Novice: 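This is the structure, below, for whatever I ask next.
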Amino acid sequence: GDFVVVSAPRDGLPELTSQGGVTLRVGNQKPARMKPPSNVMERMKGETLSVCIHDASRTALATNPHGNIVTVWDLDRMKLKTTLEIEFPRGVTLSLDRETFIITHGTSGNITHVSTHDLSTKTSAMGLFSGSHVYAWKKPRASASPEV
């Protein structure tokens, strides 16, 4: 029953002056639009683009490219935990082992790894990845014997 909705301004609204937002619903509660402190809200310019939930830690991350900010949400308390200062953050997903959030960002395709345990970060300049929709995927192993 938990979900997180990120919102983007609709066509026709000024991209960098309209505010993106985050709405949370936990269990059977009514969905609630989150109201972070004003200094964070002011930075959430344009679209809040990508979102990812880590069930075990009850944490959700949401990217806001034009604000150069990732918001980190405590699902159970329905409150902002912290923010991450990341240049033009776009996509966010979980690693296959579910130990790390992976955020694509910047104009040259950087990746930041964020620990699901303590939210520590490690950035690598890959120059390969960009985009708002990223997925962790593992290629299936090839069968040792052909199927008949």
Side-chain angles (χ1 to χ4, degrees), residues 1-140:
D2 301 341
F3 67 78
V4 179
V5 177
V6 291
S7 57
R10 71 176 196 281
D11 289 341
L13 290 177
E15 185 173 309
L16 296 180
T17 57
S18 299
Q19 289 183 322
V22 175
T23 299
L24 300 180
R25 185 185 88 172
V26 177
N28 294 323
Q29 296 179 23
K30 277 180 73 173
R33 182 171 178 255
M34 296 296 94
K35 296 179 182 169
S38 60
N39 64 325
V40 173
M41 195 66 206
E42 290 169 7
R43 297 204 39 215
M44 295 175 73
K45 301 286 187 210
E47 61 189 348
T48 299
L49 184 60
S50 187
V51 65
C52 184
I53 296 174
H54 181 251
D55 290 325
S57 67
R58 308 290 295 147
T59 301
L61 269 63
T63 64
N64 188 267
H66 293 293
N68 294 312
I69 190 171
V70 175
T71 51
V72 181
W73 300 92
D74 181 314
L75 291 178
D76 293 326
R77 294 178 52 219
M78 294 183 70
K79 287 187 141 189
L80 182 71
K81 276 181 147 177
T82 192
T83 59
L84 304 173
E85 303 292 321
I86 296 179
E87 177 198 8
F88 202 64
R90 299 199 30 92
V92 60
T93 192
L94 281 170
S95 59
L96 291 175
D97 64 7
R98 307 189 73 71
E99 297 290 316
T100 306
F101 290 102
I102 301 167
I103 301 169
T104 59
H105 62 93
T107 55
S108 60
N110 297 327
I111 293 178
T112 291
H113 299 247
V114 180
S115 167
T116 58
H117 302 286
D118 63 7
L119 301 176
S120 60
T121 62
K122 180 180 175 187
T123 299
S124 44
M126 299 293 290
L128 300 173
F129 299 97
S130 180
S132 54
H133 306 292
V134 292
Y135 302 93
W137 175 76
K138 182 177 178 183
K139 183 178 177 181

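Since we're looking at a predicted model, the values are computed, not measured. The figures that follow rest on heavy atoms only: side chains count, while hydrogens, waters and symmetry mates do not.
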Novice: Can you name the nearest heavy-atom pair linking Ala62 to Thr48, along with the distance?
Specialist: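 Nearest pair, atom of Ala62 first, then Thr48: CB-CG2, 3.9 Å.
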
Novice: State, to 0.1 Å, how close His105 and Ile103 come at their nearest heavy-atom pair, and which atoms those are.
Specialist: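 It is CD2-O, 3.5 Å.
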
Novice: Are the side chain of Thr112 and the backbone N or O of Thr123 linked by a donor-acceptor pair below 3.5 Å?
Specialist: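 The answer is no, because no donor-acceptor pair under 3.5 Å joins these two groups.
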
Novice: Can you name the nearest heavy-atom pair linking Leu84 to Val114, along with the distance?
Specialist: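 So the two residues come closest at CD1-CG2, 4.0 Å.
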
Novice: From Leu96 CG over to Trp137 CH2, what is the distance, rounded to the nearest 0.5 angstrom?
Specialist: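 If we round to the nearest 0.5 Å, Leu96:CG and Trp137:CH2 are 10.5 Å apart.
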
Novice: Show me the donor-acceptor pairs within less than 3.5 Å that the side chains of residues 24-39 make with the rest of the protein, sequence neighbours left out.
Specialist:
| unit_1 | atom_1 | unit_2 | atom_2 | d |
| --- | --- | --- | --- | --- |
| Arg25 | NE | Gly1 | O | 2.9 |
| Arg25 | NE | Gly27 | O | 3.3 |
| Arg25 | NH2 | Gly1 | O | 2.7 |

Novice: Check whether any side-chain N or O of Thr63 sits under 3.5 Å from a backbone N or O of Arg90 as a donor-acceptor pair, and report yes or no.
Specialist: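 Yes: the side chain of Thr63 pairs with the backbone of Arg90.
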
Novice: Quick one, Leu80 with Val40, criterion side chain to side chain contact (heavy atoms under 4.5 Å, CB included). Give me CA distance, side-chain angles, the key distance, then yes/no.
Specialist: CA-CA 10 Å; Leu80 182 71; Val40 173; 3.9 Å; yes

Novice: Hey, what do you get for CD1 (Ile69) to CG (Asn64), rounding to the nearest 0.5 Å?
Specialist: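 CG of Asn64 is found 7.0 Å from CD1 of Ile69.
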
Novice: Side chains of Phe101 and Thr93, heavy atoms from C-beta outward: is any pair under 4.5 Å?
Specialist: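 No; the side chains remain at least 4.5 Å from each other.
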
Novice: Counting C-beta onward and ignoring hydrogens, is there a side-chain heavy-atom pair between Thr82 and Leu119 closer than 4.5 Å?
Specialist: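 Answer yes - side chains close enough.
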
Novice: Decide yes or no for Ser115 and Lys122: does some side-chain heavy atom of the first lie under 4.5 Å from some side-chain heavy atom of the second?
Specialist: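 A side-chain contact under 4.5 Å is absent here.
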
Novice: For residues Leu94 and Ile102, report the shortest heavy-atom separation together with the two atoms involved.
Specialist: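 So the two residues come closest at C-CD1, 4.5 Å.
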
Novice: Show me the pairs that pass side-chain hydrogen bond (donor to acceptor under 3.5 Å, both in side chains) and involve residues 51-61, at least two apart or across chains.
Specialist: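 As it turns out, the side-chain hydrogen bond (donor to acceptor under 3.5 Å, both in side chains) pairs with a partner in residues 51-61, which skip direct neighbours, are Asp2-Arg58, His54-Ser57, Ser57-Thr59, Arg58-Asp76, Thr59-Lys81.
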
Novice: Within the structure provided, determine whether Met44 and Val22 are in side-chain contact (heavy-atom separation under 4.5 Å).
Specialist: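 Touching, per the 4.5 Å side-chain cut-off.
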
Novice: Which heavy atom of Glu85 sits nearest a heavy atom of Thr83, and at what distance?
Specialist: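 For Glu85 and Thr83, the tightest heavy-atom pair comes out as OE2-OG1, 4.0 Å.
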
